[in-house]
Amino acid sequence: MTVNRRDFIRKSATLSGIGLFSALSPTLHAQSTAAATPSTTTTLPKPALLPDAKAVPSKLGLDSRIWTWHRDATTNDSMPANYYEATLPAWDSFPALQGDQVCDVVVIGGGLLGASTALHLSQAGLDVVLLEKHNVGSGASGRNGGQLTPGLARWEAETMMENLPPEEAQRLWRFASIEAMNLIDELSDRYGFECDRKREHLTAAVHPGHMGALVSSADARRALGDRAVKIMGPQELKEYVQSDIYHGAALDTIGGQVQPLALLRGMVYGLVQNGGKIHENSAVTEIIEEADGTRVVTEHGAVKARKAVVLGVHYAAPQFLENGGTTIPFYTYVAVTPSLPMDISQLLPGDLPVYDTQLQIDYYRAVRNNRLLFGGQGTGNSWSPRDVNNYLLERIQTVFPQWEKPELEYSWGGISDITLNGAVDSRKSNAKAPVYAVHGWSGHGVAQTVRIGKSISDDITGRNDDFAMLTRIPHDEIPFNDYIGPVAIPLVKGALTVQSLINPADMVSF
């Protein structure tokens with residue numbers, strides 16, 4: 001039996017005693033339009049990775065609920081850069097929006113979805129303006145684990161087969177797997193940027209009963225035409241991971257890993273080369289659908305979109321959408337060690353990223369200069385750096401007990417969001433310049449954000465109906481969605497922990 005994140009969040013809603021209802025009506029406000037000066041220059045340097053991280057202050061504005069920790073930082077210091085930012089050279093900032101502009105498409109959000117959408121629109125010759133509340137990469141796109149796995153958030157092959165006709169399931173699986181991974185490679189090659197892209201990943205079973213679920217998943221993928229998964233036993237797994245806690249694994253040759261902030265900056269570099277305009281520190285306050293286009297309003301200006309507006313703002317999307325509260329936000333955490341005292345190949349001889357199958361999954365991978373990146377947990381409230389570090393160090397010691405005294409140099413938190421059914425919520429309004437929105441990634445969508453960005457561009461330019469395929473997946477609204485997480489998530493995780501103790505062969509994943 002497999003209980004995945006879809007069931008987890010449905011139980012959250014049930015145990016919280018909350019029914020589903022409509023909420024959030026669209027904001028209407030009128031404001032005039034005038035010409036404005038372009039915001040960016042085409043001299044943005046091409047992103048390049050440093051040989052190793054440098055302990056520097058962060059230049060990225062952050063949501064007040066999240067943090068970054070570095071072992072040498074003091075309480076009097078500025079917020080340190082996380083590991084990803086610390087491995088990249090200094091990056092130009094973009095000015096805030098001042099005054100009014102008119103363009104073809106406004107993209108809201110400087111993360112992977114927004115950057116991919118804007119980049120592909122610029123490649124198609126459209127005039128694009130991207131608005132970011134803080135800085136490019138401030139949100140989840142610059143703070144995630146960098147694991148590349150196939151699937152549409154928590155919809156894997158089995159779920160697609162359960163919910164869609166065979167041909168549609170096969171099409172959606174290909175879209176969210178090989179097409180998503182290949183697109184990252186195509187963009188990196190086209191614009192010549194580094195992002196530490198590696199291929200293949202492992203899902204390691206923490207209980208022998210979990211092997212059956214891994215086989216079923218591989219078999220479902222095979223039914224959809226995907227033969228990229230190999231099942232292996234514990235002895236073969238030792239060739240990849242030197243740990244005694246696993247009972248076998250699935251090796252996926254489609255998946256892999258990436259430095260997500262480097263990928264994001266690479267796409268932004270391409271966007272600027274194509275003439276796209278970017279404004280940071282330009283929080284959007286209103287989106288107004290009008291007869292001749294859609295107006296996006298910030299504190300100091302506005303942009304009128306002739307063709308479309310794209311919301312790529314993750315958990316913040318509901319404030320701009322009718323019946324938009326279809327996700328619950330949650331917090332997740334990542335850490336990076338100093339350079340290890342032994343060669344990291346003694347722990348990860350296969351040099352592949354790893355997930356496991358416990359309720360609160362571990363994921364980890366080797367990164368530059370003989371370091372280990374290790375992440376996990378999903379919480380309703382933001383944990384402190386001390387609690388996160390203690391938790392992750394305990395997990396590292398559990399996985400690799402031969403490493404007697406592991407240490408951390410960096411750790412940080414981030415916010416993701418989850419829908420009731422586990423798939424991303426993709427929408428398109430009916431306005432003359434429609435509003436596109438995608439949210440609910442479940443902490444599982446680095447590659448898919450890039451692919452969906454292209455699908456939005458293709459929909460706007462009339463190339464195909466890939467995005468329409470995504471909008472046909474129905475979603476239920478969650479009342480008080482921004483507030484129930486701190487209560488519902490611990491409650492349901494506790495219940496599922498008891499269930500996993502009673503039936504340890506049941507694979508329950510968060």
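Basis for what follows: all heavy atoms, side chains included, without hydrogens, waters or symmetry-related copies.
In this model, no donor atom of one side chain and acceptor atom of the other lie less than 3.5 Å apart for N182 and E186.
Contact detail for R365 and V258: the closest heavy-atom pair is NH2-O, 3.3 Å. Across all non-hydrogen atoms, the minimal contact from A262 to C195 is CB-CA, 3.9 Å. When all heavy atoms are compared, the tightest approach of R65 to S382 is O-OG, 3.1 Å. Here the closest heavy-atom approach between residue N82 and residue G142 is recorded as ND2-O, 3.0 Å. The two residues E239 and P349 make their nearest non-hydrogen contact at O-CG, 3.3 Å. The minimum heavy-atom distance linking Y331 with N381 is given by the pair CD1-C, 3.5 Å.
Atom CG of L352 and atom CG of L251 lie 6.5 Å apart (nearest 0.5 Å). Remark: T326 OG1 to E477 CD distance equals 7.5 Å, nearest 0.5 Å. With values rounded to the nearest 0.5 angstrom, Q257 atom CD is found 6.5 Å from Q147 atom CD. Here K230 contributes atom NZ and T253 contributes atom OG1; the two are 11.0 Å apart, rounded to the nearest 0.5 Å. Once rounded to the nearest 0.5 Å, the distance linking CG of D351 with OH of Y240 reads 12.0 Å. Interatomic distance, R143 CZ to S138 OG, rounded to the nearest 0.5 Å: 8.5 Å.
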Mind running salt bridge (Lys or Arg N to Asp or Glu O under 4.0 Å) on D244 and K238 for me, showing each step along the way? CA-CA 8 Å; D244 292 326; K238 285 288 190 70; 2.8 Å; yes

Passes side chain to side chain contact (heavy atoms under 4.5 Å, CB included), T337 versus E407? Steps please. CA-CA 6 Å; T337 70; E407 298 178 359; over 6 Å; no

Apply side chain to side chain donor-acceptor pair (under 3.5 Å) to S58 and E85, showing your working. CA-CA 7 Å; S58 178; E85 186 183 0; 2.8 Å; yes

Side chain to side chain contact (heavy atoms under 4.5 Å, CB included) for T327 and I478? Distances and angles first, verdict last. CA-CA 7 Å; T327 67; I478 306 169; 5.6 Å; no

Under the side chain to side chain contact (heavy atoms under 4.5 Å, CB included) rule, what do R395 and T398 come out as? Steps first, then yes or no, please. CA-CA 5 Å; R395 291 307 309 158; T398 299; 3.7 Å; yes

Could you walk me through whether D425 and R427 satisfy the salt bridge (Lys or Arg N to Asp or Glu O under 4.0 Å) test, starting with their C-alpha distance in whole Å, then the side-chain angles of each, then the deciding distance to 0.1 Å, before giving a yes or no? CA-CA 7 Å; D425 183 357; R427 304 185 183 198; 3.1 Å; yes

For a side chain to side chain contact (heavy atoms under 4.5 Å, CB included) check, start with the C-alpha distance between H475 and I473, then their side-chain angles and the critical distance, and finish with the verdict. CA-CA 7 Å; H475 291 272; I473 299 173; 3.9 Å; yes

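For an aromatic pair to be called close, the ring centres must be under 6.0 Å apart, and Y269 with F193 fails this.
Side chain of S116 to main chain of V450: a donor-acceptor pair is present (N/O by atom type, distance under 3.5 Å, no hydrogens or angles). Within the 3.5 Å criterion, the main-chain N or O of A176 finds a donor-acceptor partner in the side chain of Q448. With D226 contributing its side chain and R222 its backbone, the two residues share no donor-acceptor pair below 3.5 Å. No donor-acceptor pair closer than 3.5 Å links the side chain of T87 to the backbone N or O of A53. Between the side chain of S457 and the backbone N or O of T117, no donor-acceptor pair lies under 3.5 Å. For S217 (side chain) and L214 (main-chain N/O), no donor-acceptor pair under 3.5 Å exists by modelled atom type. Side chain of T449 to main chain of V446: a donor-acceptor pair is present (N/O by atom type, distance under 3.5 Å, no hydrogens or angles). The backbone N or O of G422 lies less than 3.5 Å from a partner atom in the side chain of T419, making a donor-acceptor pair. In this structure, D77 contributes its side chain and P57 its backbone to no donor-acceptor pair below 3.5 Å. The closest donor-acceptor contact from the side chain of S141 to the backbone of G137 lies at 3.5 Å or more, if one exists at all.
In this view, R368 and E194, D196 satisfy the salt bridge (Lys or Arg N to Asp or Glu O under 4.0 Å) rule, not counting sequence neighbours. Remark: L393 engages P406, L408 in a side-chain contact (heavy atoms from CB on, under 4.5 Å) (not counting sequence neighbours). A search for side-chain contact (heavy atoms from CB on, under 4.5 Å) contacts involving T149 returns H201, Y355, H444, not counting sequence neighbours. In this structure R199 satisfies the salt bridge (Lys or Arg N to Asp or Glu O under 4.0 Å) test together with D185, sequence neighbours excluded. Remark: A468 engages D465, T471, R472 in a side-chain contact (heavy atoms from CB on, under 4.5 Å) (not counting sequence neighbours). Taking the side-chain contact (heavy atoms from CB on, under 4.5 Å) definition, one finds that V336 meets it with Y83, V367, R371, L373, Y410, W412, sequence neighbours left out.
Looking only at side-chain heavy atoms (C-beta outward), L50 and P89 come within less than 4.5 Å of each other. I184 has its side chain within reach of L263: a pair of non-hydrogen atoms, C-beta onward, lies under 4.5 Å apart. The shortest side-chain heavy-atom distance between W69 and N389 falls under the 4.5 Å cut-off. Taking the side chain as every heavy atom from C-beta outward, Q170 and L172 never approach each other to under 4.5 Å. For the pair S411/Y333, no side-chain contact is recorded, criterion being any heavy-atom separation below 4.5 Å from C-beta on. No side-chain heavy atom of L311 sits less than 4.5 Å from a side-chain heavy atom of V107. Using a 4.5 Å heavy-atom threshold, the side chains of I418 and W441 count as separate. Taking 4.5 Å as the limit, every side-chain heavy atom of Y363 sits out of range of all side-chain heavy atoms of D356.
Ring geometry for F400 against Y364 counts as perpendicular: the plane angle is over 60°, on a 0 to 90° scale with 30° as the lower cut.
Around the CG atom of N390, the shell of radius 6.0 Å holds more than 12 heavy atoms that belong to other residues, nucleotides or ligands. More than 12 heavy atoms of other residues, nucleotides or ligands shown are found within 6.0 angstrom of CZ on R197. Annotation: R71, atom CZ; neighbour count of heavy atoms from other residues, nucleotides and ligands within 6.0 Å is above 12. Within 6.0 Å of NZ in K59 there are 12 or fewer heavy atoms belonging to other residues, nucleotides or ligands.
At a threshold of 4.0 Å, the pair D466-R171 counts as salt-bridged, since one of the basic side-chain nitrogens sits closer than that to a carboxylate oxygen. For the pair K54 and D52, the salt-bridge criterion is not met [side-chain N within less than 4.0 Å of a carboxylate O]. Using a 4.0 Å cut-off between a side-chain N of Lys or Arg and a carboxylate O of Asp or Glu, D458 and K454 qualify as a salt bridge.
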